Structure formats: structure tokens, C-alpha cells
Amino acid sequence: MTIAPARHNGELGQAAWSDAQLLYALEEVVEKELNRHLKIAKDWMPHEYVPWGDGRNFPGPLDGEAWDPEQSKVSDIGRIALVVNLLTEDNLPSYHHEIATLFGRDGAWGTWVHRWTAEEGRHGIVMRDYLLTSRAVDPDELERFRMAHMSEGFESDNSHSMLHSVAYVAFQELATRISHRNTGHHSGDPVCDRMLARIATDENLHMVFYRNLLGAAFEMAPDQTMCAVRDVVTGFRMPGHGMPGFERSAARMAIGGIYNMRIHHDDVLQPVLRYLKVLEIGGLGPAGLAAQEELGLFMDGLDGQARKFDERQAAILARREANRRA
């Protein structure tokens, strides 16, 4: 296969790469990262994490027992976060379609696309089996939400660009890992915590794959990659933003310590930016320098917003504790 040279782009101050050129140029990196991933990723069985002995029939053709909140072993915030996390995983067909369209189905890229999809599929399987078997959430409401969410379909903010998509998932996979881990910690159920810890391990490996790929893109096309990272970071939204009641659930998850502005800044954005030394990269053209400066200013502003959120969160939690003791 031959590849045309990157065309010069005056605004970027350097040759601009097309998606096709970047896909080809990054193929060896993808293969290397894929082999590393396959070597360290551990196979696991979803059914081993589900408390099947707790299961019983629901109302319907099998004439079972109706769900009641008292049957759930997880906390209130745990139920909210578990539904959001599972509905996010439910849109896997849309995610697969998007990355298969952007990355292709051939070579190392295609192998990764299918492997990633298979691993993510496990997450939805084990979470739903756990939630229904343990009666952690209202099964009727969960199914109605799933139908509504998937019927809307999903298209990310970055589907227009392979480079933007790589940048997005480098952060989003880490965000998902953090959300799962914190949900487990706050669930109040050791079985749930163990299951979500297993899922979070996968998500971390996915983050490493995309983060390393993003690092290679910085070496090949630093200005374009910097602009993509700037766009992704400043406009970041979790993939579940279109699900029913997401804003209210996200607000409660923020106060509950599952995922909020402080966590997003400290535990998601900063680690990836710091690892890749994004704000220290030199040799950039005008557009890359402008994007780097804008990114730095955005991070400073986000930190300030996070401090204000920390104060509001502390006040809300203090009032709740006072009311509880009253």
C-alpha cells in the first residue's frame, strides 16, 4: 500500500494529515499496543461474578415476586450510578459502528475494534445479570430506560475525525474506569464492588491503549493532535449524556462522589495530560501553540470551578448529616 504525502496546511504551520494517512501511519503502533494488550489482559467469566443463588422470578409469565426497593443491597447512590453505567454500556452497538467506521475492520485496527467490542460486551452482560439477580434496581424501569436510550441511537461529538475520536477515548475510558470503581466503593455491596473492580481493570487497559496511541499521534502530527486534544477536553461529555434523566442522575452522582468536576479534573484529565506531557510539548506551529495555551487556561479555569464545587458539596453533605442526626 502506498500513501500520499501529507498536504501542507498554512494554519497549522505544518503538513496536515488526513484520517486515511494517520490510520496507515499508526498501524504499526496499533499492532504493538494490541499485542501488549493481549499479553496482559486476563480472560474472565462474567457468570462467576453474579450471585445466582439470590435470584428468583419476577412478575409475568412465570408469576414471580414484584421488585421492592427494600430487596436491594446497594445504596441509593449506588442504584443511580449502576443504572447510568449499564445504560452507557448498552449502547455498545452504536460505539462499535462508530469506531469500525472510523478505524476500519482490517489489519491491526480491525482486530482491535473487534477485541475491544468483545471485552466491552462482557461489561454489559455481567452488570445486567448482577442487577437483575440481586434485585439491585427496578427491572421494569431499567428496561424502559434501555429501550428509550437505545431507540435514540448515539453519535459522539467526535465522529467527524479519527484523531478526535482517539483523543476522546483516551480520556473517556479512564473516566469510565473511575466511575465504575467509585460506584463499587459507594454501592454498599461487596459483590457489586468486586464486579465493578473487574470491569474497571478492563477499562484501564483500554485507556492505556488509546493513551499510547495518542502519544504516537503527537509525535507524527503534533499540531493536529494538540488541536484535537484541546477540542475534546474543552467540550468533553460522557457518552451517556443522551439517556433519560441523565442530568439529574449526574448531579446526584456528583454530590455522592461517584463522578464530579473535581474527579474529572484530578483523576481523568490531569493524569493523561501529565503522562503525555501535553502542556510541555515544544516545536508547535501557530495553531498548535494556540491550542496548547487554550488548553492550559481551560485546565486552570476547571480547577477553579472544581474548588467551588468542592465547597458546595461539603455544605450539602454537612446539611444532610445534620438532618440525619436531628
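Since this is a predicted model, take the numbers as computed values, not measurements.
- F103 and W109 have tilted rings, their planes meeting at an angle from 30° to 60° on a 0 to 90° scale.
- Both Y210 and V29 belong to a single network of hydrophobic side chains, linked directly or stepwise wherever heavy atoms of I, L, V, M, F, W or Y lie under 4.5 Å apart.
- Residues passing the side chain to side chain contact (heavy atoms under 4.5 Å, CB included) test with H97 are T101, sequence neighbours excluded.
- Salt bridge annotation for R307-D310: absent, with no cationic side-chain nitrogen under 4.0 angstrom from a carboxylate oxygen.
- Counting only heavy atoms from C-beta outward, the side chains of R135 and R56 approach each other to under 4.5 Å.
- Panel note: side chain W52, backbone H47; a donor-acceptor pair is recorded below 3.5 Å.
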| said: The test is side chain to side chain contact (heavy atoms under 4.5 Å, CB included); show your working for M162 and L23 and say whether it passes. | reply: CA-CA 8 Å; M162 184 277 287; L23 283 167; 3.9 Å; yes

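- Under the 4.5 Å side-chain criterion, counting only non-hydrogen atoms from C-beta, E89 is not in contact with R128.
- A chain of hydrophobic side-chain contacts below 4.5 Å, direct or via other Ile, Leu, Val, Met, Phe, Trp or Tyr residues, connects F236 to V272.
- Among all heavy-atom pairs drawn from V84 and S249, the shortest one is CG2-CB, 3.7 Å.
- Taking 4.5 Å as the limit, some side-chain heavy atom of H164 sits within range of a side-chain heavy atom of H160.
- Classification of E33 and R36 as a salt-bridged pair holds, one side-chain N sitting under 4.0 Å from a carboxylate O.
- If you chain together ILVMFWY residues whose side-chain heavy atoms come under 4.5 Å of each other, L205 ends up grouped with I40.
- Within the 3.5 Å criterion, the main-chain N or O of A108 finds a donor-acceptor partner in the side chain of E27.
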| task | Start with the C-alpha distance between H206 and E120, add both sets of side-chain angles, then the distance that settles side-chain hydrogen bond (donor to acceptor under 3.5 Å, both in side chains), and finish with yes or no. | result | CA-CA 10 Å; H206 297 165; E120 290 288 345; 3.0 Å; yes

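- Less than 6.0 angstrom separates the ring centroid of Y49 from the ring centroid of W44.
- Nearest approach of A217 to L26, heavy atoms of both residues: N-CD2, 4.1 Å.
- Taking every heavy atom of both residues into account, V229 and L273 meet most closely at CG1-CD2, 4.0 Å.
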| request: For salt bridge (charged side-chain N to carboxylate O under 4.0 Å, His left out), just list the numbers for D54 and K73, CA-CA rounded to whole Å, side-chain angles, deciding distance to a tenth of an Å, and then say yes or no. | output: CA-CA 11 Å; D54 294 345; K73 297 178 181 179; 3.2 Å; yes

| field | Check against salt bridge (charged side-chain N to carboxylate O under 4.0 Å, His left out), K32 and E28 | value | CA-CA 6 Å; K32 174 186 174 183; E28 289 187 8; over 6 Å; no

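- Side-chain atoms of S179 do not come within 3.5 Å of backbone N or O of A175 as any donor-acceptor pair.
- Proximity of a side-chain donor or acceptor of S72 to a complementary backbone N or O of D68 within less than 3.5 Å is not detected.
- Within 6.0 Å of CG in D106 there are 12 or fewer heavy atoms belonging to other residues, nucleotides or ligands.
- The shortest heavy-atom contact between G257 and H186 is O-NE2, 3.7 Å.
- Between I255 and N260, every side-chain heavy-atom pair lies at or beyond the 4.5 Å cut-off.
- The two residues F171 and V268 come nearest to each other via the heavy atoms O-CG1, 3.5 Å.
- A distance-only check finds a donor-acceptor pair linking the side chain of Q292 to the backbone of I281 [under 3.5 Å].
- Side chains of Y95 and T88 form a contact here, defined as non-hydrogen atoms less than 4.5 Å apart.
- Looking at D189 and Y130, their side chains do bring a donor and an acceptor atom within 3.5 Å of each other.
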| query | So D193 and R181, salt bridge (charged side-chain N to carboxylate O under 4.0 Å, His left out) or not? Walk me through it. | reply | CA-CA 7 Å; D193 192 21; R181 284 305 285 130; 3.2 Å; yes

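- A side-chain donor-acceptor contact under 3.5 Å links E203 and H123.
- Open room surrounds CD on E293; 12 or fewer heavy atoms of other groups in view lie less than 6.0 Å from it.
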| request: Show your working on salt bridge (charged side-chain N to carboxylate O under 4.0 Å, His left out) between D43 and R122 and close with a plain yes or no. | output: CA-CA 11 Å; D43 224 12; R122 281 175 172 162; 2.3 Å; yes

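- In this structure, the separation between CG on L269 and CD1 on I263 is 12.0 Å, given to the nearest 0.5 Å.
- Here CG of D202 is found 4.5 Å from CZ of R198. Values are rounded to the nearest 0.5 Å.
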| message | I'd like to know whether R79 forms a side chain to side chain contact (heavy atoms under 4.5 Å, CB included) with V83, so could you lay out the CA-CA distance, the side-chain angles of the two residues, the decisive distance to 0.1 Å, and finally the verdict. | response | CA-CA 6 Å; R79 286 201 297 274; V83 170; 5.7 Å; no

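- Atom CG in D76 sits 7.0 Å away from atom CZ in R252 (nearest 0.5 Å).
- By the 6.0 Å and 45° rule, R262 does not stack over the aromatic ring of F309.
- No single ILVMFWY cluster, assembled from side-chain heavy atoms under 4.5 Å apart, contains both L295 and L297.
- You'll find the side chain of M299 reaches within 4.5 Å of the side chain of Q270, heavy atoms only.
- Once rounded to the nearest 0.5 Å, the distance linking CG of L82 with CG of L86 reads 8.5 Å.
- Here E173 does not pair with R177 in a salt bridge; the nearest charged N to carboxylate O distance is not below 4.0 Å.
- In terms of heavy-atom proximity, R211 sits nearest to L276 at O-CD2, 3.7 Å.
- Heavy atoms from other residues, nucleotides or ligands lying under 6.0 Å from CG of N57 number more than 12.
- If you look at W112 and H37, their ring centroids are closer than 6.0 Å.
- Because its NZ or CZ atom is not both nearer than 6.0 Å to the ring centre of F246 and within 45° of the ring axis, R237 does not count as a cation-pi partner of that residue.
- Residues S187 and L196 form no side-chain contact, since every pair of their non-hydrogen atoms from C-beta on lies 4.5 Å or further apart.
- Not a single salt bridge (Lys or Arg N to Asp or Glu O under 4.0 Å) links K277 to another residue, sequence neighbours left out.
- Grouping the Ile, Leu, Val, Met, Phe, Trp and Tyr side chains by contacts below 4.5 angstrom, directly or via other members, places M147 apart from M243.
- Between the side chain of T183 and the backbone N or O of G78, no donor-acceptor pair lies under 3.5 Å.
- Between the CE atom of M207 and the CG atom of L174 there is a distance of 5.0 Å, given to the nearest 0.5 Å.
- Of the listed residues (R146, H149, E98, H96), just one forms a side-chain hydrogen bond (donor to acceptor under 3.5 Å, both in side chains) with N91, and that residue is H149.
- In the hydrophobic clustering of this structure, I125 does not group with W116; members are Ile, Leu, Val, Met, Phe, Trp, Tyr whose side-chain heavy atoms approach within less than 4.5 Å, directly or through other members.
- Remark: the backbone N or O of S165 is not paired with any side-chain donor or acceptor of N158 at under 3.5 angstrom.
- When side chains are defined from C-beta on, M195 does not count as touching V191, because their heavy atoms never get closer than 4.5 Å.
- The CD1 atom of I199 sits 8.5 Å away from the CG atom of N85 when rounded to the nearest 0.5 Å.
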